[in-house]
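Just so you know, residue 1 is the first one in the sequence shown, and it goes up from there.
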Amino acid sequence: RTGDKEDLNWAIRWHSEALSLREVDNPDRPNSLDLLGQVLAARFQLLGDPNDLDSSLKYHTEALSLRPPSDPDRFLTLNGLANALSANFERTGQLANLDRAVGYQREALELRPPEHTERTIALNNLALALSNRFQETNNGADLDEAIKLHEEALKIQSSSVDRPITQGNLCSALLLRFRQRKNIADLNVAIEYLEEVLAVHVTGHPDRPTSLCILAGALATRSEHGGAPTDLDRSIEYNEEALRSRATDQPTRPLNLCNLASVLLRRARHRPAREEDIKNAVSHLQEAAGSCPFEHLLHALVHQRLGVAMLLQYQRTERDEQTASQSSSAAQTIIGHLRSASTAPASPSDDRLRASCTWVEVATQFRDPTLMTAYETVIDILDVAVARSHSLESRHFALSTSDVFIQAKRLVVDAASFALNQDDPALAVTLLERGRTILFGQMLRYRPALEDLLAIDPALVERFSQLSRRLELSVISEEAPRVDSARPFEDGIARYQRLNLEWIQVVDQIRAIDGFANFLRPTPFQELQVAAKEGPVIVVNVSELRSDAIIVSSEGINVVPLPLVEVMEIEALSTKLYGKEAKVDQRRQGKKRQREAPGVLRDLWDMIVCPVVEELEGSLHLAENSRIWWCASGLTSRLPLHAAGIYAKKDQNLLERYVSSYTPTLGALIRARNAHEACADDGKILVVAQPSTAGQAVLPKVVAEMECIQAMFPETAVLEGQSGTREAVLESISAHPRVHFACHGHLNNDNPLRSHFSLADGPLYLLELVEQRVGRGEFAFLSACHSAASDWRTPDESLNLAAGMQFAGFGSVVGTLWPMVDEDGPSLARDFYGYMKADNGSFKGCRETAMALRKGVKNLRSRKVPTSRWIGFIHFGM
């Protein structure tokens, strides 16, 4: 309580002497080990000597090995070891420490059943460990469980003297959840509890500084979300009071300094007259930086904020007082801090990502030559930060909700635009390739071509393949846990961390082999250009800086500026077709789409497609009816570029000029072709037909659609009605090169990985399709609503059923952008499969499917169906 380090030194000497008197077989040895471990951990918290923490871990680990599950003191050992592991994570940044800490605290809670007097201690300890892990992985399930555990503890402690501690912990968790989900109720409840806690922690109370800091942070946050005018001033007051009670060598002081500086800067922005706030913020952050070397966990956080503070200080200085050399010097100093923050090895990836985003902003303002390096650093760290989460669903959640991830994704298209400004379109293409479809891109690293390596080191290939498959299954199949099923989830996180470390080591071994230095590294443009060997790929990039169509052909690159295209205009066109929100009335939106579609197609023609067509015909001399591929970024990827045109004028539309397909990336198109150099010439097709599904509207035309295909290809296999179960479909698609789904499809805008087909016994989710490896898959026709529709938050990720079928191994896929009309299914199938039937009755090559769809769509249009119906069918892949 006094903070006197000499007291700790004496305690360590006495406990060390006691331990030396208790040999391994002494029944009191575990007690001495635990006590010595505790005081060493306490001295580490006070002085920060890593040797103390290493020794604490060693002693607690030995104590645990000496305490069987029946030992009544095992709880104390588990708690001490878990706390030491949490501290070790803060020191090293190694996530495995947190996973082990959570596991030990969970076991400790099992030793304290509901009637036990120490259950609240166990509840709070586990909750704290889960909150710590959430801050690193962004997995909302950890945070929700932590809040439930704290709330349970609070109910038990209705009149306990320890109630303020639990309230403070619960408040911290509520604040974390507010930052993630922006529910103002969480924030207000947290502040109410914190004010109650602070009233108990009077001046001189050892926990008052911590309570002050937490309340200060909550008030600062509320000041940004419509809080009281005094929230900001109170936040600064509480931070300053906490700082006065912390010695200069106390490990918690740098974070206190950092938080105080951040609030001072916020007040300086709101009240420009307070110049001393900026000066004080810079001073506080410089002091904090002195305590946070490059290997320190807080290095990125402190230096990012120091860079921001110095930038604001520079901006407030009179411009006429600054010479060019002074301006350049200021830029170099600020960027130096941000660059250091971006590359700090022990700092959380989120902090490094935020620093690199700030680096881009500052380098842009100063026109600094490091700008391209900053952009590339953002893309590199974004990939690493996303991969920290152990499951696809948690990765998508982070990408769609985290402010810094959303900002980084926006910077990807800006990076490409900047590369174009530098006359480097090849770099622009490679940057977009790295920054789009991150989730599927990370999964594809588990499925590379290994034929060349197999001839050199088959054992290494086998090891890599085993680890990749296990990692892939771990990432795909791990679902968000319920609170009552957390232990399997725990095992899943630990398994992922362990397998991932092994996998990285094997990748490093492969890269050490001559000729494999670039194994699984970003693909250079020369290799990406192969995607255009059968026709040009048009990469559409829309950013705040500029908008362009980058035409990649086998001869080179042509850049077509799109001066009429703006981000807001693309958003407006998307809204006309899909609505403004994730959840809309589909019937009402369908009527609106029917009205708006012709105008949207006309605008797309004027703004994007007509300039591209002029370039294709003029500079590239591309013949009519040739294949082209669209690869669009952002919300542009949701728009029907393939159908753009003014249809009142026959020669002013794309449908009559070229055969359009889509690809999420150039790499995806290359992989599809490599996997299907030759297509089977038989007529075997699998049809999954669900005319009636429980809880869904009847689809009366599905049977006619199925019979149409059977009539043309008698060898067609059918899974109809009750035979079309999830298990039967997954098993059958692996055995059939061609698949036709005729059923309900559903887009889950909140979690697109839960988009699904409705089958006889329940939904077949996108996640389950991604898990498949269909070696013979050539073509899939998804005659189902929304089967090619991407969610509105992360359209760049191409998380839809059509992309899932491509990932599973189908080289060509037909899907729908929105709900389709049931009666269109049989007529489109008749035209499509009629085109695909060769003279000898076999199925034409899968490269003909885009032409077949074009014929079917043109016939639909000739029948005078509304525009919105025929433009919704699109082709992906080769």
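The shortest side-chain heavy-atom distance between Leu439 and His396 falls under the 4.5 Å cut-off. Under the 4.5 Å side-chain criterion, counting only non-hydrogen atoms from C-beta, His746 is not in contact with His786. Using a 4.5 Å heavy-atom cutoff, the side chains of Val813 and His875 are not in contact. Side-chain contact between Trp818 and Ile871 is present, with at least one heavy-atom pair separated by less than 4.5 Å. With contacts defined as side-chain heavy-atom distances shorter than 4.5 Å, the pair Ser633/Arg436 qualifies. A heavy-atom distance below 4.5 Å is found between the side chains of Val475 and Tyr446. Side-chain contact between Ile476 and Met443 is present, with heavy atoms from C-beta onward closer than 4.5 Å. Residues Arg177 and Asp144 form a side-chain contact, since some pair of their non-hydrogen atoms from C-beta on lies under 4.5 Å apart.
Judged by distance alone, with hydrogens and angles left aside, the side-chain atoms of Gln806 form no donor-acceptor pair with the main-chain N or O of Ser812 at under 3.5 Å. Looking at Arg773, its side chain never comes within 3.5 Å of a backbone N or O of Ala808 through a donor-acceptor pair. Although no hydrogens or angles enter the test, the distance criterion places a donor-acceptor pair under 3.5 Å between the side chain of Thr816 and the main chain of Ala784.
In this structure, Thr693 has no side chain to side chain donor-acceptor pair (under 3.5 Å) partners at least two apart in sequence or on a different chain. In terms of the ring pair (Phe, Tyr, Trp, His ring centres under 6.0 Å) criterion, Phe397 has no residue partners (sequence neighbours excluded). Here Arg469 pairs with Glu472 under the side chain to side chain donor-acceptor pair (under 3.5 Å) rule; sequence neighbours left out.
Scanning all heavy atoms of the two residues, the minimum distance from Val729 to Val688 falls at CG2-CG1, 3.9 Å.
Under a cut-off of 6.0 angstrom, the local environment of CD in Gln696 is crowded, with over 12 non-hydrogen atoms contributed by other residues, nucleotides or ligands. No more than 12 heavy atoms of other residues, nucleotides or ligands sit less than 6.0 Å from atom CZ of Arg587. Counting non-hydrogen atoms of other residues, nucleotides and ligands closer than 6.0 Å to CD of Gln722 gives a total of 12 or fewer.
Using a 30° and 60° split on the angle between ring planes, Phe876 and Tyr662 fall in the tilted class, from 30° to 60°.
Remark: Arg638 is not positioned above the aromatic ring of Trp630, lacking an NZ or CZ atom under 6.0 angstrom from the ring centre and at most 45 degrees off the axis. Lys684 forms no cation-pi arrangement with Phe713, by the criterion of a distance under 6.0 Å to the ring centre and an angle within 45° of the ring axis.
Between Asp831 and Arg854, none of the side-chain N atoms (NZ, or NE/NH1/NH2) sits under 4.0 Å from a carboxylate O, so this pair counts as no salt bridge. In this structure, Arg869 pairs ionically with Glu823, as a charged nitrogen and a carboxylate oxygen lie closer than 4.0 Å. Note on Asp791 versus Arg754: no salt bridge recorded, every NZ/NE/NH1/NH2 to OD/OE distance being 4.0 Å or above.
Checking Gln690 against Ser758 by side-chain atom types alone, no donor-acceptor pair falls below 3.5 Å.
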